[in-house]
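Side chains included, hydrogens not; waters and symmetry mates left out as well; all remaining heavy atoms used. What you see is a predicted model; the values in this text were computed from it and never measured. First the proteins, then the strands, lettered A, B, ... as listed; each starts at 1.
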Amino acid sequence: MNVMYTISTWLNRFSLILLACSLPLWFMACGGSDDGPGPDPDPDPVEDTTAVDNGMFYKLHRVENFAGDTEYDGPVDGKRAAIYFSLENKEGVKASYQKSNLWDLSFSGIANSDIDVNNGSVRSSLGYGATGVGAIYITDRSFEEVTDIPDESQFRYRVSLDENGAFGNGLGWALYDWGGEIVADASYEKQHVAYALGNPLTLNNGKNLVRTLVVKTAKGYYAKIKMISVYKDISDPENMMRNSTYPYFTFEYVLVPGDSETFEIR
Amino acid sequence: MSNKTDDMKNDYSITPYTGVRKEQGHIGMTLLCSMCALLLLCSAGCTREEDNLIITEETWYDTISSVQDNRILEYRIGNVNDDYTIYSAIDDSTGTITVYLPAYYELGVIQAEIKLPEGTTISPDADVPVPVFEEEPFVYEVTSAEGLKATYTVDIVIQQEDFSLNELSRNPDSPVSFSAKESYIRVTGTNILGNYAITRGYLTNEAGERVYTMGEAQTPPTSRQIYLSCIDVEPGLYWIEITSYALTRRMENPINLR
């Protein structure tokens with residue numbers, strides 16, 4: 001009886017061992033399918049990236065006679081079609097690119113005098129709904145004096161005419177001399193002249209005005225801009241007359257990467 | 001018989017021997033079951049392994065080895081500031097990318113974001129904007145690292161709700177008049193896309209030919225109205241036509257510029 005009991009106990013243990021051993025065998029058998037032979041699975045896709053033209057950075061660029069809406073034939077105070085400029089590519093951009101991050105400045109409104117930036121989150125921006133992150137800041141310091149990139153909180157989204165002239169409101173990038181007496185001698189030829197304020201301009205009242213724009217571009221770079229003229233082939237304020245051809249924008253700028261803290265020319 | 005059965009029952013149930021037999025019988029059954037289970041599981045496992053290997057190998061060779069890298073993995077619209085992404089449908093067999101584009105984004109170009117297999121290149125570059133309104137189809141050529149090429153044609157399907165215009169002249173025999181020298185005309189309707197970059201007004205002649213492009217006005221356009229200017233237009237009867245993104249509508253009744 002004891003012998004039989006001992007045998008039965010060993011058999012019982014053996015059966016348990018067999019069961020215990022069978023589980024890993026089963027898992028191994030099933031697990032084999034996961035590690036089975038075959039080619040590697042689909043490789044991780046590589047996202048296509050857009051190259052940045054670093055050659056545009058740290059240089060002084062000059063743009064001459066960038067044409068506004070010159071087909072406009074309405075009244076002087078009529079609204080002209082917006083035009084678009086890419087600081088990154090130093091060229092005008094077609095209106096069909098409005099909802100893209102391929103432009104940085106738009107010139108719209110009366111005589112294309114409203115300068116807006118491309119910001120997809122700002123309803124007043126023509127780039128609203130797209131992916132631009134642009135902003136703009138204006139200061140009464142000269143182009144050369146502006147070396148630091150301002151704090152983000154100082155930026156806004158539109159710059160227009162200066163408060164020292166007609167239709168102005170706050171600091172503006174240009175002064176509109178309606179009667180010709182703010183800057184000049186009030187003669188007929190000097191009436192209705194707009195002066196860009198990138199270079200210092202002395203008013204008849206003795207004020208000396210200068211304005212510099214700092215722009216955060218649609219892709220997040222920074223540029224400082226000196227607006228020089230709105231008249232075709234004319235940069236000297238002495239030669240700006242009411243019948244001078246406009247709007248043709250001449251300006252200079254320096255572009256730096258988005259992580260910069262200062263403007264440098266190398 | 002019944003007594004014997006009862007005795008046997010008693011024997012089986014109370015005697016150590018029968019008890020052992022009972023245990024022996026249980027162990028035997030357990031052992032047998034274990035052996036069977038082991039064999040069954042092993043054989044089942046092996047069978048599954050073979051099945052899995054066959055299926056897996058077939059699947060992998062069918063889906064990976066036969067598909068080359070001269071293809072586009074993903075294509076989406078990148079110039080939309082929205083909470084969700086608009087992916088496009090890629091058909092490798094026909095070489096088409098179907099872009100479903102809601103009109104309310106007002107896109108004139110598509111800045112595509114494209115994913116390619118590693119080593120594959122694409123021409124034109126992915127950062128070249130794709131015109132939404134263009135006669136010629138936009139075609140990409142992708143080239144795998146092995147040099148295999150494939151072409152994909154972009155097919156843009158614009159999803160735009162129809163818009164309507166309200167007639168300025170209710171009676172065609174008595175058209176409403178505006179100054180031919182300078183007029184700012186308010187055009188009303190529904191579902192107009194309020195953006196001067198994509199919504200334009202034209203004066204057309206009776207034959208439907210566009211003879212004058214109307215200008216913008218100071219008042220911003222909305223979905224229900226748009227102001228358009230006419231400066232120094234030849235006096236006469238004109239039919240206003242509005243193009244709002246992909247759609248064009250023309251008034252049935254003329255206006256009189258004089």
Side-chain angles (χ1 to χ4, degrees), chain A residues 1 4-5 7-8 11-12 14-16 18-19 21-23 25-34 36-51 72-75 77-82 94-102 109-110 120-121 126 128-132, chain B residues 16-17 20 23-24 27-28 30-31 34-35 37-38 41-42 44-46 48-49 51-53 55-57 60-61 64-65 73-74 78-82 105-109 111 113-119 122 125-127 129 131-133 182 195-198 215-218 229 231-232:
Chain A
M1 189 176 72
M4 292 300 291
Y5 184 79
I7 291 170
S8 69
L11 284 173
N12 196 16
F14 180 65
S15 68
L16 289 173
L18 272 176
L19 270 174
C21 290
S22 69
L23 289 174
L25 281 173
W26 187 76
F27 279 118
M28 285 169 68
C30 291
S33 62
D34 289 340
D40 289 337
D42 214 357
D44 289 338
V46 177
E47 188 155 357
D48 193 83
T49 55
T50 303
Y72 176 78
D73 59 356
D77 61 349
K79 185 180 178 184
R80 293 177 186 249
K94 291 186 288 188
S96 61
Y97 285 44
Q98 185 194 62
K99 304 297 183 186
S100 76
N101 64 0
L102 300 173
I110 300 172
S121 301
L126 292 170
Y128 178 69
T131 52
Chain B
Y17 179 77
V20 171
E23 269 197 62
Q24 248 183 339
I27 290 168
T30 306
L31 178 62
S34 298
M35 293 293 285
L38 179 62
L41 290 174
C42 286
C46 290
R48 281 181 66 90
E49 182 181 24
D51 288 346
N52 285 345
L53 284 175
I55 291 168
T56 302
E57 284 176 4
W60 284 4
Y61 282 115
I64 299 297
S65 298
L73 298 178
E74 184 179 296
N79 50 326
V80 170
N81 178 15
D82 216 331
Y105 288 123
E106 304 175 357
L107 301 188
V109 293
Q111 290 179 274
E113 294 187 358
I114 302 171
K115 284 187 179 175
L116 303 169
E118 190 168 4
I122 189 166
D125 286 342
D127 60 340
V132 173
F133 301 103
E182 181 179 338
N195 180 347
Y196 280 123
I198 56 170
E216 301 179 12
Q218 290 287 6
S229 66
I231 311 293
D232 292 329

Heavy-atom closest pair, residues [X] and [Y]:
X: A:S100; Y: B:V109; value: CB-CG2, 4.1 Å
X: B:P129; Y: A:L102; value: CG-CD1, 3.8 Å
X: A:K99; Y: B:N79; value: O-ND2, 2.8 Å

Pick from B:P131, B:A217, B:G215: which one has the most heavy-atom pairs with chain A under 4.5 Å?
B:A217
Chain A contact via [X] - which portion, at a heavy-atom distance below 4.5 Å:
X: B:Y196; result: side chain
X: B:Q111; result: side chain
X: B:E182; result: side chain

The side chain to side chain contact (heavy atoms under 4.5 Å, CB included) partners of A:Y72 (sequence neighbours excluded) come to A:D69, A:P75, A:R80
Taking side chain to side chain contact (heavy atoms under 4.5 Å, CB included) as the definition, give me every residue that meets it alongside B:N81, ordered by chain and number, with sequence neighbours left out.
A:S121
Can you tell me if A:Q98 uses its side chain to pair, donor with acceptor, with the backbone of B:A197 under 3.5 Å?
no
Closest-packed option against chain B by number of heavy-atom pairs under 4.5 Å, given A:G120, A:G132, A:A130, A:A95:
A:A130
